[in-house]
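One structure below.
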Amino acid sequence: MAQLAVMNTLRGFGRSGLGAPVLMMMMMAMIIVPLAPFMLDALFSFNISLALVILLVTVYSLRPLDFTLFPMVLLITTLLRLALNVASTRVVLLEGHTGTGAAGRVIEAFGDFVVGGNYAVGLVVFTILVIINFVVITKGATRISEVSARFTLDAMPGKQMAIDADLNAGLIDQDTARKRRQEVSDEAEFYGSMDGASKFVRGDAIAGILILVVNIIGGLAIGMLQHDLSFSQAAHNYALLTIGDGLVAQIPALLLSTAAGIIITRVSSSQNMGEQVLTQLFSNPRSLGVTAGVLAVMGMIPGMPNVPFLTLAAIAGGGAYWITRQQKRKQTEAIEETDKAATAPAEARDLSWDDVTPLDAVGLEVGYRLIPMVDKAQDGQLMARIKGVRKKLSQELGFLVPSVHIRDNLELSPTTYRISLMGVTVGEATIHPERELAINPGQVFGTIEGAETRDPAFGLQAFWITADQRENAQTMGYTVVDANTVVATHLSQLIKTHAHQLLGHEEVQHLLDMLAKSAPKLVENLVPDTLSLGVVVKVLQNLLEESVPIRDIRSIAETLAEHGGRSQDPDVLTAAVRIALGRSIVQQINGMAAELPVITLDPNLEQLLHQSIQGGDGGAGVEPGLAERLHTALLESAQAQELAGQPAVLLVSAPLRSMLSRFVRHTITTLHVLSYNEIPTDKQIRIVATVGQQPSMTAAN
């Protein structure tokens, strides 16, 4: 009853958060305040019960991390046991002369009943328990703790990399990755704590031996010198009390040492310890059959204890036979299930949409020598750069750029990477991760030694150089970047170029949902009352294809709501939106300058182009020779503006803008095509060139 009362009291304190402080105060009180024998009985019983509970928890835990509190529990129970040793030592030395019941019934029972009242036998039993605890269990558990802690810490980078790889491959989500990272961290902390906590058990075993010796010597001296007991009477009383006290302390210590050894040797499994033993130890009937044969031979040898050996042989043989029958029955059932599945109609295992693997919106494949660039454990910086690219582009373009799924590809050459959008390769290059790329921006003052190549992002002349050439190359005017920056810049440029392909219905719906929080009526009147979601998606894709950000989604939505009632044509609506965004477009091209330098078309040429698109063929009627000369003239004008350090802007009438924009979009990337309506009224226009003043330019009939 006293033990139950103590446990109920501690349980109540545990619910209120006072359990640990109260327990520590109890330990201090046990060391300082003398305890009555009945209190010692309750506390020793509680100590043994607590050790049994902890042992059973470790046995039934499926994983070591299911009992992460074990190192702290081990420390507290060790301190509790040592405090009890101090309290019991005080009572033994003060009252031991009165008899073996001076320190309570528990110590008396272990001293009289367990060892038969013979202190010599008690010394031997205590010594054996200490040897088992100190030499066998504690030493082995300590060694396993040290090795497990070292191996766990060494394996952390690989586990973190595996989690990042699964996350980038889309096999797990952010919450699962966060949970797995926390498990890896908890595992490292647990084994590190167990490495130190195992030293408590080892020290406790040594303390038990010293306490026993001190108590016996002190008891003999007190009994003989202070209480005038004979040597035999003093030895009988104090030795039995001391041995009983030592046994009461060593049995919980042995249980906790065993618990420490069990939990540190556990392997994570879906089975508890008992199920694992039955599954792994007795799953092979051959081992039991051979054991039965050996025991039967030993049982038939004259002079051997025949009955025990033959009985065990019969049990082992029966177990082997029963396991064999069970395995054959399971094999027969498995074969029957396989036959049923094979004979089942094909419709039973028809394909589903789960068998269709979705494509990665943006993918990056790397050769095996580039894996360290994406491995955080090897100080890879590329993943951080890519996250920065995504954040920057999302802010610039106005929508969330999809995640980049990174994976290795053994089919690629070791130093090659490949970028794909919607499963289609859009870029591929070979880099040197141990070198840096010196890019010629157009004007340099010397040549450098290195492997000549082309910048993957912009096609500029470049050289792969060593790190010690960096300062020299920068002095000559080269732009020097590392391999991570090369890949990140290439990826950024490709995403910008193909941003319209990454914007779909889901992304646009997210944009409208965000806009609805601040302008609910605008979104409600726009989709689906005025325009369908598909038309809105096409307009936004047109804007992105022409490098116009869609950050100002409110102005875009208002313009579409205004013009959507008059036209459902995405091209017409795109032109209207561009006019509404004219100030933003011009500022993106020319900054805050009040004057905008522009290139214009000769009026005769512009009239010919108007005639070519009047039939609705989008300029397909332009004579090839005229188109080639127009392209050459525009290219020369754009290059001249670029050399002058000014933006290249072609200013045309609104009907021609879309056709000419498509005409130069992929060949003259630095040329911006604007219509007169898109120029803000407060901007001054300065004509720097006029294209098409040759009378030979004619339109096709």
Side-chain angles (χ1 to χ4, degrees), residues 161 164-165 168 360-394 396-397 401-421 424-444 446-499 502 669-670:
M161 179 182 174
D164 293 337
N168 291 326
D360 295 335
V362 185
L364 174 62
E365 299 177 356
V366 297
Y368 69 85
R369 282 193 59 195
L370 303 185
I371 292 177
M373 294 175 60
V374 297
D375 181 10
K376 289 183 178 180
Q378 303 183 49
D379 296 328
Q381 302 296 321
L382 185 54
M383 290 186 65
R385 299 282 183 88
I386 291 175
K387 289 181 180 179
V389 166
R390 283 190 63 217
K391 182 176 181 180
K392 181 174 181 293
L393 290 179
S394 297
E396 289 182 358
L397 298 176
V401 175
S403 300
V404 181
H405 291 173
I406 305 174
R407 59 174 59 89
D408 61 285
N409 187 347
L410 298 179
E411 296 180 358
L412 295 176
S413 61
T415 58
T416 298
Y417 69 88
R418 177 184 295 165
I419 300 173
S420 61
L421 297 179
V424 179
T425 301
V426 293
E428 183 174 313
T430 299
I431 60 175
H432 298 276
E434 71 284 355
R435 295 193 175 191
E436 297 186 345
L437 187 65
I439 304 172
N440 182 355
Q443 185 177 5
V444 294
T447 58
I448 56 176
E449 294 182 359
E452 186 173 2
T453 183
R454 288 282 175 181
D455 168 38
F458 303 102
L460 300 176
Q461 183 188 34
F463 298 89
W464 287 107
I465 61 174
T466 57
D468 56 0
Q469 296 177 273
R470 181 185 184 92
E471 293 186 3
N472 183 37
Q474 290 176 335
T475 304
M476 295 181 185
Y478 287 89
T479 301
V480 183
V481 295
D482 60 10
N484 291 303
T485 304
V486 172
V487 180
T489 305
H490 193 191
L491 177 65
S492 175
Q493 184 63 23
L494 290 175
I495 291 178
K496 278 185 179 180
T497 306
H498 299 83
L502 301 176
T669 56
T670 58

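Small disclaimer: the values here were computed from a predicted structure and weren't measured. Counting from 1, the numbers follow the sequence of the chain as shown.
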On a heavy-atom basis, which atom in [X] and which in [Y] lie closest, and how many Å separate them?
X	Y	result
Glu428	Thr416	CG-CG2, 3.8 Å
Pro456	Leu437	CD-CD2, 4.3 Å
Leu502	Ala361	CD2-O, 3.8 Å
Leu421	His498	CD1-CB, 3.2 Å
Ala488	Leu382	N-CD1, 4.4 Å

**Asked** Phe458: what forms a side chain to side chain contact (heavy atoms under 4.5 Å, CB included) with it, not counting sequence neighbours?
**Response** Asp455, Leu460, Thr489, Gln493
Would you say that [X] contacts [Y] through its side chain, given a criterion of any heavy-atom pair below 4.5 Å between the two side chains?
X	Y	result
Ile431	Trp464	yes
Met373	Gln381	no
Val362	Leu491	yes
Asp360	Arg407	yes
Val389	Lys392	no

**Any residue meeting ring pair (Phe, Tyr, Trp, His ring centres under 6.0 Å) with Tyr417, in chain and number order, not counting sequence neighbours** = His490
Which pairs of donor and acceptor atoms, one on a side chain in residues 364-372, lie under 3.5 Å apart (sequence neighbours left out)?
| from | atom 1 | to | atom 2 | distance (Å) |
| --- | --- | --- | --- | --- |
| Glu365 | OE1 | Asn409 | ND2 | 2.7 |
| Arg369 | NH2 | Glu434 | OE1 | 3.4 |

**Message:** Could you measure the distance from the OG1 atom of Thr453 to the CD atom of Gln461? Nearest 0.5 Å is fine.
**Reply:** 10.0 Å
Within the side chain of [X], is there an N or O that forms a donor-acceptor pair under 3.5 Å with the backbone of [Y]?
X	Y	result
Tyr478	Ala462	no
Ser394	Val401	yes
Gln443	Pro441	no

**Fill in**
salt bridge (Lys or Arg N to Asp or Glu O under 4.0 Å) test vs Asp482 passes for just one of Arg435, Arg470, Arg385, namely Arg385
**Asked** Do Asn472 and Thr475 have side-chain atoms, one donor and one acceptor, less than 3.5 Å apart?
**Response** no
